[in-house]
Peer 1: 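Sharing a structure here in structure tokens format.
Chain A is the first sequence line, chain B the second, and so forth, proteins listed ahead of strands; every chain is numbered from 1.
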Amino acid sequence: MDVLIGAGVLAATIRLATPVALAALGGVVTERSGVVNIALEGCMLVGAFFGVFAADRTGSLPAAIAAAVVAGILLAAVHALAAITFRADQIVSGMALNILALGLTSYLDYQLYSTTGTPSTIPLVPNVHLGFLENAPVLGGAIGDQSAIVWATLAIVVLLQLFLFRTVPGLRLRSVGEHPRAADTLGIDVRRTRYWAVLASGALAALGGVYLSLSVAGSFSDNMTNGRGFIGLAAMIFGRWTPVGALGAALVFGYGDALSVSLQGVKVAGVEFPVQLLSTIPYLLTVLAVAGFVGRSRMPAADGQPYESEGH
Amino acid sequence: MRQPSFEWTRGPAIPVVSVLFALVLGGLFVWISGHDPITAYAALLRGAFGSPYDISETLLIAVPLLLTGLSVAVAFRAGLFNIGAQGQLLVGAVAAGWVGAQWPDLPAIVLLPLTLLAGILGGAVYGGIAGWLKAARGVNEVITTIMQNYTIVFVMHWLLQNGPMQAPNAFGTPASAPIGAGAVLPVIVPDFLVPSSRLHAGVLLALLATVAFWFLLWRTSLGYELRAVGLGMRAAAQAGIDPRKRMVIVMAIAGGFAGLAGMIQVSGLFHRVYDGFSAGFGFDAIAVALLGKNAPLGVVLSALLFAAFSRGGTLMQSDAGISSHLVEIVEALVLFVIAAETVVRAVARRWGTPVKAVS
Amino acid sequence: MPSMKRFLAFALMTMTVVAGCGGAGTASPSPSAAASSAAAVPTVAPTATAKAVKVGLVTDVGGLNDKSFNALANQGRLDAEKDLKVQTSVTESKKQEDYVPNLTNYAQQGYDLVIAVGFLMTNATWKVAKQFPNVKFAIIDGAPADDSGKTQNLPNVANLFFKEQEAGYLVGVIAATMAKNKVGKATHNTVCSMGGIPIPPVDRYIAGYQDAVKTISPTTTILNGYSNDFVDQAKGKEVGLSHISKSCDILFQVAGASGLGYIAAAKEKGVYAIGVDADQAYVAPGTVLTSALKRVNKAVYDTVAAVTTNSFKAGDNFFSAANDGVGYGTLDAVVPADAKAAADQALAGIKSGKITPKDTVQVK
Amino acid sequence: MALETPIVEMRGISKRFGELQALADVDLTVHRGDIHALVGENGAGKTTLMNILYGLYRADAGTTRIRGNEARIAGPRDAIHLGIGMIHQHFMLVPPLTVAENVVLGDERGGPLLDRRGIEARVSELEARFGIRADPSAKIEDVPFGVQQRVEILKVLYRGSEILIFDEPTAVLTPQEVDDLFQIVRTLRGEGKTVILITHKLREVMAVSDHVTVLREGRNAAQLVTTRTTPAQIAVAMVGRELREIAARSGTPGDVVLEVSGLTAPSDRGGPALKGIDLGVRAGEIVGLAGVGGNGQSELAQCILGLRDASAGVIRVGGVDVAHDDPHRTRRRGVAYVPEDRRVEGLVLPFSVAENFILGKQDRAPYARRGILRADAIRREGARLATEFDVRPADPDIEVGSLSGGNQQKVVLGRELSESPKLIVANQPTRGLDIAATEYVHERLLDQRSRGCAILLISSELDEIRDLSDRIAVMFEGRILAVLPASEATEDRLGLLMAGHVEAVGERSGTSPA
């Protein structure tokens, strides 16, 4: 039973869900404003690299996180420039930036750290030890020793949910994603709103990258995000474009991912499942969950559509 | 869902200018990194088109890009976003590889069509599942196809590493047993013309598939229905064209194109299925299709462009000493600038007055 | 606003330049790092008096920055270039389709030696080598295989093999000794390993490792797992944390970059790890006890040297403990002398043929 | 009155779009506290002129004065600042947001936190002041068009507009909603607001306006005082000719073609939309289906066509039960359908005229053989139908999306009527069309009746229903309350029935299905 719902599996679920959730949150913000940003994968990757790079150069964790977030924002800004100002094809622009991010980070990592790797002494994001949970069954093991970024993510989910649905700027952001022309006629600056949303998505995804490099791995390696930005987009859809939903979706995926590790070597009726097939669990579980529980979801009405204000 | 803002058929001027602009920008990047852009681009050109052999290799890369590009494009035409061309390609390859190796002694006249069919069907079934989940359960095809891409990779790990398709192979390359001679697509360039060319009949199949793509979409009732669903789903529905059925059909067709790509890689190039095989084509395909505006000629041209980058980029590294990652960066810049073709159009607009529709 | 746009457009480019200059501007951390940053530029011999030997290296899809196999091969190329005055070039393969044309490119350009890095290129090497009988080829971890998959040795191809199980055995001896004696943080008498995917070059390491543990310390519990990936550190780390939660305190990784995550798990939980292929002591001093070395750089270097001295040997060339082709890496300070002694004794045993490490995995 | 400075004074306005001269030297003068009708055919330039006033377009020439001062209106923000508000024909509302949120959007007042209760209170206050009813906490996507329009008005009032431009406000409203709207408009006038009403419906002009400006082909055609003019006079100014009389009605009904009995069906939101419908339509007969929008008319049409699954009941077309058929099979039985929203349901806008003509027929002769399209046949038929149905321009290759609304509807009719259907289900066939196009649609439907076709005409335009129908059925809350012969269907009676008053029927004449 422990391999299914034990503390270890739950802790792993949370760990594996966190980067996916952060990418998905980025997706929620940008798509709620009407811009599709599949460059989230790239934003994660530059976040992962520049976090390590800045940690190495400055030795300061806050500076490292700041640098990573800025890098994510800059990459997202290029996407915003293309998608919003130049009304470029958002998918192609996103693909291009993903390739760019992969090339750039690999290139710099190779130039800077090819033989020695990133220094092992760089400051890492600490775990938060919840002493009072030490002896709590399951709960203590599951959440008693998680990265600070895990808790930050949880806070971001709550704040973002409140922001989108309980604040004036959130209302405006949603209106821009649903009906930009209506928003425009009411004096809301559609382009500026979308710029902010895309930049925020880059920052959130970059934080997911930092989590991977400075919390999970303690180093950078080529393409270390390994498609989590895309999984995050799927989680965003599965979560119906809401922060809480995105977190839930990421947890489903993370749980499947955790199972693929915990079920290794477990025999069912004397038969051991091939490890390779165990790795398909998170993907199959996600599709089944969507098919079983969620059904049709409604995307923001103006998602992915460039906006051209009238007035010639 | 998305309307091409611009069709290649309206004239190549803007894409060509975009590519040139992008190359200048890329050259700047190469220059900043401390290399000579002229040398770099000379190597790029030579690598892609420098000799008959290089051209034949470029064409070989263009084949799977073209077919997966068509896969993405046909789904786009029906309003669906097929991110799963990569997974469908792999399923097609596995199916073709299995059939080709299962009855290796059959004559080509039987085995080759059988292998072809297996590849296309494999991809079609895999794509069709995504279409069915969308039609029956409302599952967004983007989710399904992303997940399917990962799933098949791990299933292949199993099949080829210690599953039923694992071949007892000399040095542990995870691969299937070789397909029979009858399943092999022959090389179509005689050795005296291009020595050691690998250019196989799959190129012809890919061109045939492009014609089929065009014919299907613009010359058949089904293609009309698919386009109608893509451009006006509710209008199509009330006219008696059930969009849900068409979703399943078009995803199966999309899967078929990608599956054909997988079959061609097996029958034409590798003659077996390798683990970690033909990586990335299905992802590049999205850009290939969008760059080609989902039009047959456009997809052919953009597949060639990507293939040229792929082959030429290798020589930029080996001959001009430019890191392959820098090549990637240049490729990304080209793609990016083409995506932002409005920049170029904005400049072009100064010479022409656009006609605005009046309500 | 327009100026802001312009700023954004060039920001990334600037970011790169700054980072790049930062790398070049500060004192180079080590000579090898400096050498590697020049790695991308082929050194063209300034004088063309005597025809310099030309060597081309083709990596597999792992690429030069894999910090293991391909990187080591490239290191061998660079060392050869420096010491042997040969002219070299390298090409990274991006996909499996690239192998044949990448090898062909060098052969067509009249390179004297073309080195294929990795068993994925057995068939590609066979094809190209047959086409260019006057060019010498070497393939690491494989032998030319014809279209049916059968090995067919060719007179112009050197097959460079490693006995990974020997390297695995050596680090296994160290792990077993420490586990048995409960040295430092290794208190649970449990050791484990993680492969990337279960394929022979990976499993041979693990087989040797397990063989050593079973031989030296039969009471020690052995665990093994796979990340099913060579890229993803997070997955590797999860397998590591799972192993540690099962009382494992020495973790041996054979999973490329994914394995770095496995080591990160050990570092975070304060237990020990063992690196693979390259000397990975730098990854986490105090955590990484040692590394199972596969000296691909030596194989490349030796092969280049053989070409320059006309002693190129086609067919199988084995790199093993006997010729220092495999071994163990830097020992961390926590490794006690008796463990080192045991490892050295095992090394001698292997060299003399008294010990033949198993090459199939026993504990899955 | 002539001495008072006009609140809006536009002089010599010209605007050109490419080749098209949309406005040429147009003048418009509107006085404070007026309801000013701006009328003209589609394409006459009404909307363009108002878009210039609202800052969405910039005029090529001419001046605009607001309250006597020359105004440079570069965008909606300038217009709002000058107290000009526009109620757009296509509502500028955000469907998932509430009524109150839509009203205050962009001018929420208060801190960054969204004070829902506060804004709802403010909106309620505004509603009370102008006599406008709309639940502030309802979501836009859940309320009918009439309420959505009120929200548009509230938005403008909330921003303190003095000049309110209504662009074709009644196009999507039911008669009751139109009455409500005019009541609101009069209240606005009472509060000292100025209203500019863009319309082409003469009844409305006569009913509510004080002054009329008529545009024709981008030029001033007439400036009139409503009380001193007649509908005929305005019509002549608009069209440039006399209107035709609608052909005499009453056909000679034959056999029952459509027979609906006990039909029950769910709505999109799960509740029942149809609660036991019994209805019959005979060959050569037009049955008008009247009712306030949203009482199940569209669901009934969808059930007949097979777009919606019935939960119980029978639908027979020519004696065959089609209740469980999909649209494809239903259409094969000779059912034609003119959908409610031609731009979304009726046409594939990016397709050409010829391609739209074959929608639904793409897999059969003469357009296809063995699944392969016959381009020559499609083009030939396209050209023929375009001419026959007077599509302008009569070019089969032109994109339908670029045609005017009337010509788009002609394409729909061309497709639906060209194969001699047994039954036509026409849902709001003239919504949003100008007079000439409406006339055209009516003539075509009457032609079909004379041919012996059964027609179910769903419309919220009572005039249309009364002019064309042989019998009139009134729907209310998913039921048919009565079926009256046209001769007995007075406007009062229909109005009461549409409001759910069954007693209005008197003796329940003609309630039998056929």
Side-chain angles (χ1 to χ4, degrees), chain A residues 7-8 11-12 15-16 19 46 49-50 53 57 70-71 74-75 77-78 80-81 85 97 100 104 106-121 124 127 141 212-213 216-219 221-228 257-258 260-262 264-265 272 274-276 278-279, chain C residues 5 7-9 11-12 15-16 19-20 22-24 26 29-30 32-33 35-37 39-40 63-67 71 74-75 197-198 223-229 231-239 241-242 245 256-258 260-261 263-264 267-268 278 280 282-287 364:
Chain A
R15 283 193 297 266
L16 291 163
V46 295
F49 175 79
F50 283 97
F53 175 70
R57 290 300 143 116
V70 167
L74 282 177
L75 193 72
V78 179
L81 189 72
T85 303
L97 293 176
L100 181 73
L104 188 69
S106 304
Y107 175 72
L108 293 176
D109 184 60
Y110 184 71
Q111 295 297 320
L112 299 169
Y113 305 118
S114 60
T115 45
T116 55
T118 42
S120 60
T121 51
L124 301 184
N127 280 8
L212 286 173
S213 68
V216 172
S219 64
S221 52
D222 282 10
N223 194 22
M224 72 182 299
T225 51
N226 203 21
R228 284 185 175 81
D257 225 359
S260 73
V261 174
S262 76
Q264 280 193 22
E272 194 180 320
V275 287
Q276 298 96 336
L278 288 177
S279 286
Chain C
K5 276 172 215 158
F7 167 71
L8 294 176
L12 265 177
M15 201 155 78
T16 320
T26 53
S30 74
S32 60
S36 68
S37 47
L64 284 177
N65 202 19
D66 67 351
K67 294 177 173 125
N74 194 44
Q75 193 55 53
I197 55 177
L223 297 172
N224 184 35
Y226 295 93
S227 60
N228 273 320
D229 198 293
V231 175
D232 199 325
Q233 293 211 44
K235 282 188 187 172
K237 187 174 182 186
E238 283 307 329
V239 176
L241 292 174
S242 164
S245 75
S258 188
L260 296 178
I263 296 176
K267 185 181 174 190
E268 182 180 309
Q280 295 185 316
Y282 66 85
V283 172
T287 298
K364 291 228 168 140

Peer 1: Do C/Leu223 and A/Gln264 touch side chain to side chain, with heavy atoms closer than 4.5 Å?
Peer 2: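 No, their side chains stay 4.5 Å or more apart.
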Peer 1: Identify, with sequence neighbours excluded, every residue that meets side chain to side chain contact (heavy atoms under 4.5 Å, CB included) alongside C/Ser245.
Peer 2: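 Per chain and number, C/Ser245 pairs via side chain to side chain contact (heavy atoms under 4.5 Å, CB included) with no residue.
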Peer 1: Taking the side chain as every heavy atom from C-beta outward, state whether A/Ser260 and C/Lys235 have any pair of such atoms under 4.5 Å apart.
Peer 2: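 No, their side chains stay 4.5 Å or more apart.
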Peer 1: Considering residues at least two apart in sequence or located in another chain, which fulfil the side chain to side chain contact (heavy atoms under 4.5 Å, CB included) criterion with A/Ser213?
Peer 2: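 Partners of A/Ser213 under the side chain to side chain contact (heavy atoms under 4.5 Å, CB included) test: A/Ala48, A/Val52, A/Met224.
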Peer 1: Mind listing the closest non-hydrogen atom pair of A/Ser120 and C/Lys267 along with its distance?
Peer 2: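 Closest pair (atom of A/Ser120, atom of C/Lys267, distance): O-NZ, 2.8 Å.
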Peer 1: Answer with yes or no whether the side chains of A/Ser219 and C/Gln233 bring together a donor and an acceptor at under 3.5 Å.
Peer 2: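 Distance-only check passes for C/Gln233 and A/Ser219.
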Peer 1: For C/Glu268, is it the side chain, the backbone, both or neither that has a heavy atom under 4.5 Å from a heavy atom of chain A?
Peer 2: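 The answer is the side chain of C/Glu268.
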Peer 1: Hey, what do you get for CG (C/Asn65) to CG (A/Asn223), rounding to the nearest 0.5 Å?
Peer 2: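 Spacing of CG (C/Asn65) from CG (A/Asn223) equals 11.5 Å.
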Peer 1: If I take atom CG from residue C/Leu260 and atom OG1 from residue A/Thr118, how far apart are they, to the nearest 0.5 angstrom?
Peer 2: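 Interatomic distance, C/Leu260 CG to A/Thr118 OG1, rounded to 0.5 Å: 8.5 Å.
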Peer 1: For C/Ala71, is it the side chain, the backbone, both or neither that has a heavy atom under 4.5 Å from a heavy atom of chain A?
Peer 2: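 Neither part.
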Peer 1: Where the side chain of C/Asn228 meets the backbone of A/Val275, is there a donor-acceptor pair that is under 3.5 Å apart?
Peer 2: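 At least one qualifying donor-acceptor pair exists.
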Peer 1: Return the minimal non-hydrogen interatomic distance between C/Val239 and A/Val261, and the atom names on each side.
Peer 2: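 Smallest heavy-atom distance, with atoms named: CA-CG1, 3.9 Å.
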Peer 1: Got a second to check how far C/Asp232's CG is from A/Ser221's OG, nearest 0.5 Å?
Peer 2: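 Reported to 0.5 Å precision, the distance equals 8.5 Å.
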Peer 1: Grab the two heavy atoms, one from C/Ala234 and one from A/Leu212, that are nearest each other, plus how far apart they are.
Peer 2: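 Shortest heavy-atom separation between C/Ala234 and A/Leu212 comes out as CB-CD2, 3.9 Å.
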Peer 1: C/Glu238 versus A/Asp257: any side-chain heavy-atom pair under 4.5 Å?
Peer 2: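 A side-chain contact is absent here, since even the closest heavy-atom pair is not under 4.5 Å.
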Peer 1: Quick check on C/Asp229 against chain A: is it the side chain, the backbone, both or neither that has a heavy atom closer than 4.5 Å?
Peer 2: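 The answer is the side chain of C/Asp229.
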